[in-house]
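Count residues from 1 along the sequence.
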Amino acid sequence: MTSPSLPGGTWTLGDLTVTRFGYGAMQLAGPWVMGPPADHHGALAVLREAVVLGITHIDTSDAYGPHVTNRLIREALHPYPDSLHIVTKVGANRDQRGGWPPARDPESLRRSVHENLDNLGLDVLDLVNLRLGDAEGPQPGPIAEAFETLVALQQQGLIRHLGLSNATPEQVAEAQAIAPIVCVQNLYNLAHRQDDALIDALAEQGVAYVPFFPLGGFTPLQSSALAAVATRLEATPMSVALAWLLRRSPNILLIPGTSSVAHLRENVAGAGLALSADDLAELDKVGR
Ligand SMILES: NC(=O)c1ccc[n+]([C@@H]2O[C@H](COP(=O)([O-])OP(=O)(O)OC[C@H]3O[C@@H](n4cnc5c(N)ncnc54)[C@H](OP(=O)(O)O)[C@@H]3O)[C@@H](O)[C@H]2O)c1
């Protein structure tokens, strides 16, 4: 494994040091995150390339496939390098039509933690995010019963650190009153800035913010300002979007998804793009 310094350097999640440039494994499953990938060996190659590039943070979930992505990670990378930290999430299942119904009752959460351990081939999960809300986004409501279930599993030694995903600021505060969290993983990118205040508040507390859909997810980011800055810098819009996120706040960790080794390399290189004050000012207007 080579370990060049990746754009953005590192961040510490609890006691775990990770590269701020991570990898989101969701795109490795089949279409709409259901079933196996069309190119099994290609998926393994992407995971192995992530480690070769020096990435030490992989984001996953047993809901991807379901079970497909975690088993690919195990096949590609087990036994894992000590430096590699796999972050998973629990709290949603998959239905026959590819939906993501919530599964946050204590029994479902306990089952999901054990399934993640089995499918990843681990005795302890480094970081588990409790996924809240629904496909429409965060939804208000109490989370104590679900979060306390994960805290109990943490106390049993099955989980090192906890986080939340798809959460409102009130739910973040509710969890923090029960036990420490090391990250929040919510939808955020250049064009979706609704978590700006939450990001700044978490930065002050030393808690990571991990934007999902950093490149727009299933709908690539589109903005004339983004296109203009990319053209001026002779870079791709994806590079500009990732470089902007790294500059947005030091507690932002990137987990862009791709099923392509070439795109993974492009994204790592692109995230290091230098943005001037003028570029940043132009980009800052996009999602406001
Ligand atoms: N907590 C949650 O509820 C939640 C929800 C969604 C996602 N996530 C996590 O967030 C991660 C990131 O989200 P995401 O993967 O859905 O979306 P994303 O990172 O915003 O975008 C991924 C899409 O961008 C394309 N792409 C990536 N690099 C590219 C490049 N250099 N050139 C052209 N196209 C490129 C990918 O296609 P190719 O495969 O062709 O490269 C893929 O279609 C996921 O992998 C998952 O781990 C979490």
Side-chain angles (χ1 to χ4, degrees), residues 4-11 18-28 46 49-50 52-59 87 137-138 165-166 169 183-204 207-288:
S5 57
L6 290 169
T10 58
W11 176 265
V18 296
T19 49
R20 287 181 69 209
F21 195 102
Y23 170 66
M26 187 176 87
Q27 302 292 341
L28 293 182
V46 173
E49 181 67 11
V52 168
L53 290 168
I55 289 172
T56 62
H57 170 197
I58 293 181
D59 184 79
V87 178
S165 177
N166 217 19
C183 72
V184 173
Q185 182 179 127
N186 277 4
L187 169 55
Y188 182 84
N189 57 43
L190 195 53
H192 291 89
R193 304 279 300 274
Q194 50 275 65
D195 269 353
D196 272 329
L198 179 62
I199 291 171
D200 296 337
L202 293 173
E204 281 182 23
V207 174
Y209 183 90
V210 187
F212 73 75
F213 294 163
L215 299 172
F218 296 102
T219 312
L221 282 176
Q222 282 176 346
S223 132
S224 50
L226 175 61
V229 172
T231 303
R232 192 163 69 229
L233 297 176
E234 298 181 357
T236 65
M238 280 77 68
S239 300
V240 176
L242 294 174
W244 176 81
L245 280 170
L246 285 180
R247 285 290 296 273
R248 166 65 184 81
S249 185
N251 64 328
I252 287 188
L253 310 184
L254 302 184
I255 51 164
T258 181
S259 53
S260 147
V261 168
H263 287 171
L264 178 64
R265 289 182 185 145
E266 258 176 53
N267 294 344
V268 168
L273 188 70
L275 297 173
S276 70
D278 284 351
D279 299 331
L280 290 169
E282 199 171 336
L283 293 168
D284 195 47
K285 291 182 198 139
V286 172
R288 292 194 185 262

Worksheet item: Is any side-chain heavy atom of I255 closer than 4.5 Å to a side-chain heavy atom of H57?
Response: yes

Worksheet item: Would you say V87 and V18 make side-chain contact, with heavy atoms under 4.5 Å?
Response: no

Item to complete: Could you tell me which non-hydrogen atom of G22 sits nearest to which non-hydrogen atom of P256, and how far apart they are?
Response: O-CD, 3.7 Å

Worksheet item: If every non-hydrogen atom of P237 is compared with every non-hydrogen atom of A230, which pair is closest and at what distance?
Response: N-CB, 3.8 Å

Item to complete: State the OG-CD distance between S223 and E282, to the nearest 0.5 angstrom.
Response: 9.0 Å

Worksheet, complete the sentence: Rounded to the nearest 0.5 Å, the CG atom of N186 sits from the CG atom of D195 at a distance of 4.5 Å

Practice prompt. Report yes or no: do D278 and S276 form a side-chain donor-acceptor pair below 3.5 Å?
Written response: no

Worksheet item: Atom CH2 of W11 and atom CG of L254: how far apart are they, to the nearest 0.5 Å?
Response: 13.0 Å

Worksheet item: Got a second to check how far L190's CG is from L283's CG, nearest 0.5 Å?
Response: 5.5 Å

Item to complete: Heavy atoms only: give me the nearest R247-L275 pair and the separation to one decimal.
Response: NH1-O, 3.0 Å

Discussion item. For a 4.5 angstrom cut-off between non-hydrogen side-chain atoms, does P211 reach N189?
Written reply: no

Worksheet item: Should the pair D200-R248 be classified as a salt bridge under the 4.0 Å nitrogen-to-oxygen rule?
Response: yes

Practice prompt. Give the intermediate values and the outcome of side chain to side chain contact (heavy atoms under 4.5 Å, CB included) for residues R265 and V52.
Written response: CA-CA 11 Å; R265 289 182 185 145; V52 168; over 6 Å; no

Fill in: D284 CG to D196 CG distance, which is reported to the nearest 0.5 Å
7.5 Å

Response to the item:
Minimal heavy-atom distance between S239 and E266, with the atoms involved, is OG-O, 4.4 Å

Worksheet item: Mind checking whether Y188 and W244 have parallel, tilted or perpendicular rings, split at 30° and 60°?
Response: parallel

Fill in: Exam field: side chain N267 to backbone H263, donor-acceptor pair closer than 3.5 Å
yes

Practice prompt. Would you check if I199 and N251 make a side-chain contact, meaning some heavy-atom pair closer than 4.5 Å?
Written response: yes

Fill in: Heavy-atom side-chain proximity of T10 to T56 below 4.5 angstrom
no

Worksheet, complete the sentence: In L226, D279, L221, the residue satisfying side chain to side chain contact (heavy atoms under 4.5 Å, CB included) with V240 is L226

Fill in: Side chain to side chain, Q185 and D59, heavy atoms closer than 4.5 Å
yes

Fill in: From CG (N166) to CG (L187), nearest 0.5 Å
8.0 Å

Worksheet entry | For the student: nearest non-hydrogen atoms of R20 and S249, plus distance | NH2-O, 2.9 Å

Fill in: Which atom of V261 lies closest to which atom of E49, heavy atoms considered
CG1-CG, 3.9 Å

Discussion item. Just so I know, are the side chains of T219 and F213 near enough to count as touching, which here means a heavy-atom distance under 4.5 Å?
Written reply: no

Worksheet entry | L253 side chain near C183 side chain, heavy-atom distance below 4.5 Å | no

